[in-house]
Q: 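Here it is: the structure, laid out below.
Everything quoted here is computed from the prediction, not taken from an experiment. Side chains included, hydrogens not; waters and symmetry mates left out as well; all remaining heavy atoms used.
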Amino acid sequence: MANNTSNVTLTGLARRFVDDGLLDEATAKDSFIQASQNKIPLITYLVQNKLADSSGLAFSAAMEFGVSVLDLSAFLPEMMPEKSVDEKLIRKHNALPLYKRGNRLFIAVSDPTNIQALDEIKFNTGLSTDAVLVDDAKLREAIDKYLESQDTTMGDLDDADLEGVETEGGDQEDDAVVAASDVDDAPIVKFVNKMLLDAIRGGASDVHFEPYEKVYRVRYRTDGILKEMSKPSIKLAPKIAARVKIMSQLDISERRVPQDGRIKMKLSKTKAIDFRVNTLPTLWGEKIVLRILDPSQAKMGIDALGYEEDQKELYLDALKQPQGMILVTGPTGSGKTVSLYTGLNILNTPELNISTAEDPAEINLEGVNQVNVNTKVGLGFAEALRAFLRQDPDIIMVGEIRDLETANIAIKAAQTGHLVLSTLHTNSAAETLTRMMNMGVPSFNIATSVSLIIAQRLGRRLCSACKEPLDVPQDVLLKEGFTQEQIDTGFTLYRPKGCDKCNGGYKGRVGIYEVVKITSELANMIMEEASSIKIAKQAEAEGFRNLRTSALRKVIEGVTSLEEANRVTKD
C-alpha cells in the first residue's frame, strides 16, 4: 500500500538530497517514511534500495553539516582498534571504529544524524565518541573486512572476552554437561568454523584442539609438520570441545572415553570436505583431532602421486591381475589410503564388484561398496571379509591387516580368484613380509598370494618459486648415500628459503616409494623364512629401489631437499 506523503515536510538531509538533485520530491518523502518505519538511517535505506549513488549522498551530507568525507580506502583493517566495539553494535548501526586517541573513539558513519549509534557505542565502551563521515557503500565493505580480520584473532580470546560467550552463569568448565544451546553461541561457532575453513584453505591434513592446565592451543599439520595456529582462552576449552562433538554427532556428556565421529562440511554445491573426528580424554580436558579427508585426492591420478615411471608400471601391472594381494605399508599419515584409493579409482568400472572394509571409510567413492567396521557390534575386518566373499566380489580392500584371522581370510581370498588390497604398519617392504610371518601366517601362503608391496613416505615438496641452490662437499654426498656415478654426472641440490607463496620453503608433498614385486627368487626366500635384511638385499639386487634411494632421486631431481629426505627416510 502506498504511503501518504502529502503531509510530510522535508527537512535536513532529505531536503538537501532533493536540492542537490540526488532525489525527486516524491522519492525523498517515501524514503523518509520507509526509513523511519524500518528504524534505519535515511542514507542506509537509499543505498540499500539503490535509489541514489552512495558517494553523491556522502558529499551532499558533508556539505549539509560542513564536514569533510573521509576516504576509507586509506584505512586498513589491522590499523583499526581491535575489539573496541561489539560486532552486534557495528552491524546494527552500520558504524565502524576507525581509531582511538586518548579517551576518544572516532567512529565512521555514513549518516551524521545517527546520534543513537554514537550514544550506544559510548555507553558500551565508556569512551567519548566522534563521528567521521564516510561513503555508505565503502563503509559496508570496510565493516565486512574489519569483522573478517577480527575473526582471525578469535583464537586470542582472553578472560575478558568470555562475557560475550557465556549464556549462563558459573564456571562452565566445572559443569558436568555443556548445554547444546551454550555451544551454539555465535563466537564459538564462528571460531570452530574458521579453524576448519582455514585448515582447508591452508592445505592442512589434520587439526588438533589441545587443552592443557593453563593454555589451550590449536595446531594444524601442514605438509607433515605441526604448527601452532591459535591460542584461545583455556576457559573456552569445554565449549570448543562440545561444539566439535555436536558437529560430529558425538555424546557431549561423555568425557571419560575416546569417541569417533565424522563431520561433512559443504564448501559449495559441488564441493564437500569430510573430517574424521577423534576425541581423547586427557588430564586437562578432551583433546580432539580432526583428519581432513578430501575425496578429490583419490581422483588426482597416479601420475600426481610421485611414483617413478618403473614403479608406476609395477603398480598398474599388479592392478591388472585377476588375483593376488597388493600391500601398502608405512606409518600413519604416509599417504597409504590415497595410494589404495587411486588404485581402486582405476579399477572402478561397471564390470567389477568392489568392496572395502575400513575403520572408518576415509574417502567416499561412488561405485565402491564401503563398509565401516564396528567391533562393538561384532563387525570386525574378519567378519566383513567373510561377508564379502559371499557377495560375489572381484576386488576386496581391507583397511588394515591387524591380526592372524584377518590375514588368513585375506590371503585365501587372494588365492581364490580375487584381487585384495590392504595395508600394514611396517617400515619397509621386507619388514612387511617378516611381520606377516611373525603374525603366524604360513610362509607358503605369503609367497603364493602377495604379488606387490609398496612402502611409502610423504616428503615436503620444495617451493619452486624460492628454492635456492646448495653446495655440498663430495665426501658428504657419498656419506649420505649418493653414488659416485651420480656425483660425476652432476646435479644441483636445493634448500628451502621461504616466501609468501609457501610454508617455510615447502609447498605440498610428494610420495617417496619402495615398490617391490614378489619375484620367484623372493618367493623362495619367503618360503625359506629368510630375514628381512636378506630379503631387502635381494630386492635391491633385483633392481627394486628402497625408500632411501628413492628419496635421494627426488633430491637429485630438485623436488625436495636433502634435509627433508633425511627426515622421512632415516637409516
Q: Among side-chain atoms of N353 and N369, is any donor-acceptor pair under 3.5 angstrom?
A: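 Yes, side-chain donor-acceptor contact under 3.5 Å.
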
Q: Side chains of T342 and N345: is there a donor and an acceptor less than 3.5 Å apart?
A: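 Short answer, no.
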
Q: Distance only, no hydrogens: is a donor on one side chain within 3.5 Å (strictly under) of an acceptor on the other, for E308 and S550?
A: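 No, no side-chain donor-acceptor pair sits under 3.5 Å.
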
Q: Distance alone, cut at 3.5 Å: any donor-acceptor contact between the side chains of N566 and R548?
A: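 Yes, because at least one side-chain N or O of N566 sits under 3.5 Å from a partner of the opposite role on R548.
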
Q: Kindly check if the number of other-residue, nucleotide or ligand heavy atoms within 6.0 Å of NZ (K264) is above 12?
A: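 Result for NZ/K264: enclosed.
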
Q: Any idea which heavy atoms bring I518 and I526 closest together, and the distance?
A: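 Distance-wise, the nearest heavy atoms are CG2-CD1, 4.1 Å.
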
Q: Taking the basic N atoms (NZ, or NE/NH1/NH2) and the acidic carboxylate oxygens, is any pair closer than 4.0 Å for R276 and D359?
A: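 No.
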
Q: Between N348 and E366 (side chain of the first, backbone of the second, donor and acceptor by atom type, cut-off under 3.5 Å), is there such a pair?
A: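 At least one qualifying donor-acceptor pair exists.
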
Q: Is it true that, when you exclude E542 itself, more than 12 heavy atoms of the residues, nucleotides or ligands shown sit nearer than 6.0 Å to its CD?
A: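 Atom CD in E542 is crowded, with more than 12 foreign heavy atoms closer than 6.0 Å.
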
Q: Please give me the minimum heavy-atom distance between A384 and A357, naming the atom from each residue.
A: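 Scanning both residues completely, I find the closest heavy atoms to be CB-CB, 3.8 Å.
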
Q: For side chain to side chain contact (heavy atoms under 4.5 Å, CB included), just list the numbers for V516 and L522, CA-CA rounded to whole Å, side-chain angles, deciding distance to a tenth of an Å, and then say yes or no.
A: CA-CA 10 Å; V516 177; L522 287 171; 3.8 Å; yes

Q: Taking atom NZ of K412 as the centre, report whether more than 12 heavy atoms of other residues, nucleotides or ligands fall under 6.0 Å from it.
A: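 No.
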
Q: For the atom pair CG (D394) and CZ (F388), what is the distance rounded to the nearest 0.5 Å?
A: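 Interatomic distance, D394 CG to F388 CZ, rounded to 0.5 Å: 13.5 Å.
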
Q: Do NZ/NE/NH1/NH2 and the carboxylate oxygens of K534 and E529 come within less than 4.0 Å?
A: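 Judged by the 4.0 Å cut-off on N to carboxylate O distance, K534 and E529 do not form a salt bridge.
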
Q: Between R545 and E514, does any side-chain N to carboxylate O distance fall below 4.0 Å?
A: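 No, no charged N to carboxylate O under 4.0 Å.
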
Q: Counting only heavy atoms not in E485, do more than 12 fall under 6.0 Å of its CD?
A: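 For E485, atom CD is not crowded (no more than 12 foreign heavy atoms under 6.0 Å).
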
Q: Report yes if the side chains of I401 and T423 come closer than 4.5 Å at any heavy-atom pair, otherwise no.
A: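 They are not in contact (no side-chain heavy atoms under 4.5 Å apart), so the answer is no.
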
Q: With a 3.5 Å cut-off and no angle check, do the side chains of Y212 and T282 form a donor-acceptor pair?
A: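 There is no such pair (donor and acceptor under 3.5 Å, judged by atom type) between the side chains of Y212 and T282.
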
Q: Please find the pair of heavy atoms, one from A199 and one from V207, that lie closest to each other, and give the distance.
A: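 Heavy atoms only, the tightest pair is CB-CG2, 3.5 Å.
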
Q: Counting the benzene-type ring for Trp, do Y513 and Y315 have ring centres under 6.0 Å apart?
A: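 Y513 vs Y315: aromatic centres not under 6.0 Å.
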
Q: Test your reading of the model: is there a side-chain donor-acceptor pair from T483 to the backbone of Q486, 3.5 Å cut-off?
A: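 Pair found, side chain donor or acceptor close to backbone of Q486.
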
Q: Give a yes or no on this: more than 12 heavy atoms of other residues, nucleotides or ligands lie within 6.0 Å of atom CG of D471.
A: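 No, because the 6.0 Å sphere around CG of D471 holds 12 heavy atoms or fewer from other groups.
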
Q: Kindly indicate, with the supporting measurements, whether the criterion side chain to side chain contact (heavy atoms under 4.5 Å, CB included) is fulfilled by H418 and L389.
A: CA-CA 9 Å; H418 307 96; L389 293 174; 3.9 Å; yes

Q: Mark yes when over 12 heavy atoms from residues, nucleotides or ligands other than I533 sit less than 6.0 Å from its CD1; otherwise mark no.
A: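 Count not over threshold, so no.
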
Q: Side chains of K214 and I234: does their closest heavy-atom pair fall under 4.5 Å?
A: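 Of all side-chain heavy-atom pairs linking I234 with K214, none is under 4.5 Å.
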
Q: Output yes when a side-chain donor or acceptor of S248 lies under 3.5 Å from a complementary backbone atom of L250, and no otherwise.
A: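 No, because the side chain of S248 does not come within donor-acceptor range (under 3.5 Å) of the backbone of L250.
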
Q: Regarding Y506 and S561, do their side chains bring together a donor and an acceptor under 3.5 Å, going by distance alone?
A: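 Per modelled atom types, Y506 and S561 side chains form a pair under 3.5 Å.
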
Q: Flag the pair E564 and R495 as a salt bridge only when some basic side-chain nitrogen lies within less than 4.0 angstrom of an acidic carboxylate oxygen.
A: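 No, E564 and R495 are not salt-bridged.
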
Q: Please check if any side-chain donor atom of N524 sits under 3.5 Å from a side-chain acceptor atom of E528, or the reverse.
A: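 Distance-only check fails for N524 and E528.
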
Q: Spell out, as yes or no, whether a donor-acceptor pair under 3.5 Å connects the side chain of R457 to the backbone of N427.
A: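 Judged by distance alone, yes, a pair lies under 3.5 Å.
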
Q: Distance alone, cut at 3.5 Å: any donor-acceptor contact between the side chains of S339 and Q456?
A: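 The criterion, which ignores hydrogens and geometry beyond distance, is satisfied for Q456 and S339.
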
Q: Could you check whether any side-chain N or O of T448 sits under 3.5 Å from a backbone N or O of F444, counting only pairs where one atom can act as donor and the other as acceptor?
A: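 Side chain of T448 to backbone of F444, a donor-acceptor pair under 3.5 Å: yes, one is there.
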
Q: Dump the intermediate steps for salt bridge (charged side-chain N to carboxylate O under 4.0 Å, His left out) on D223 and R460, then the final yes or no.
A: CA-CA 6 Å; D223 296 338; R460 289 181 291 172; over 6 Å; no

Q: Of the non-hydrogen atoms in I535 and A530, which two are nearest, and what is the gap between them?
A: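 That closest heavy-atom pairing would be CD1-O, 3.7 Å.
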
Q: Does any N or O in the side chain of E383 come within less than 3.5 Å of the main-chain N or O of G380, such that one atom is a donor and the other an acceptor?
A: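 The answer is yes, because a donor-acceptor pair under 3.5 Å joins these two groups.
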
Q: Donor-acceptor pair, S451 side chain versus M325 backbone, under 3.5 Å?
A: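 Yes, because the side chain of S451 sits within donor-acceptor range (under 3.5 Å) of the backbone of M325.
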
Q: Using the salt bridge (Lys or Arg N to Asp or Glu O under 4.0 Å) rule, pick out the option among R256, K245, K239 that qualifies with E286.
A: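 The passing option is K245.
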
Q: Would you say K554's side chain and G306's backbone share a donor-acceptor pair under 3.5 angstrom?
A: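 Judged by distance alone, yes, a pair lies under 3.5 Å.
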
Q: Crowded around K507 NZ? As in, over 12 foreign heavy atoms under 6.0 Å?
A: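 It does not: K507 NZ has 12 such atoms or fewer within range.
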
Q: Is the NZ or CZ atom of K467 positioned over Y494's six-membered ring, under 6.0 angstrom from the centre and within 45° of the axis?
A: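 Yes, K467 and Y494 form such a contact.
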
Q: Just by modelled atom types, is the G399 backbone N or O under 3.5 Å from a matching donor or acceptor in the S422 side chain?
A: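 No; judged by distance alone, with no hydrogens or angles, the pair does not exist.
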
Q: Walk me through it: do R386 and E405 pass the test salt bridge (charged side-chain N to carboxylate O under 4.0 Å, His left out)?
A: CA-CA 11 Å; R386 289 194 188 95; E405 185 181 17; 2.3 Å; yes

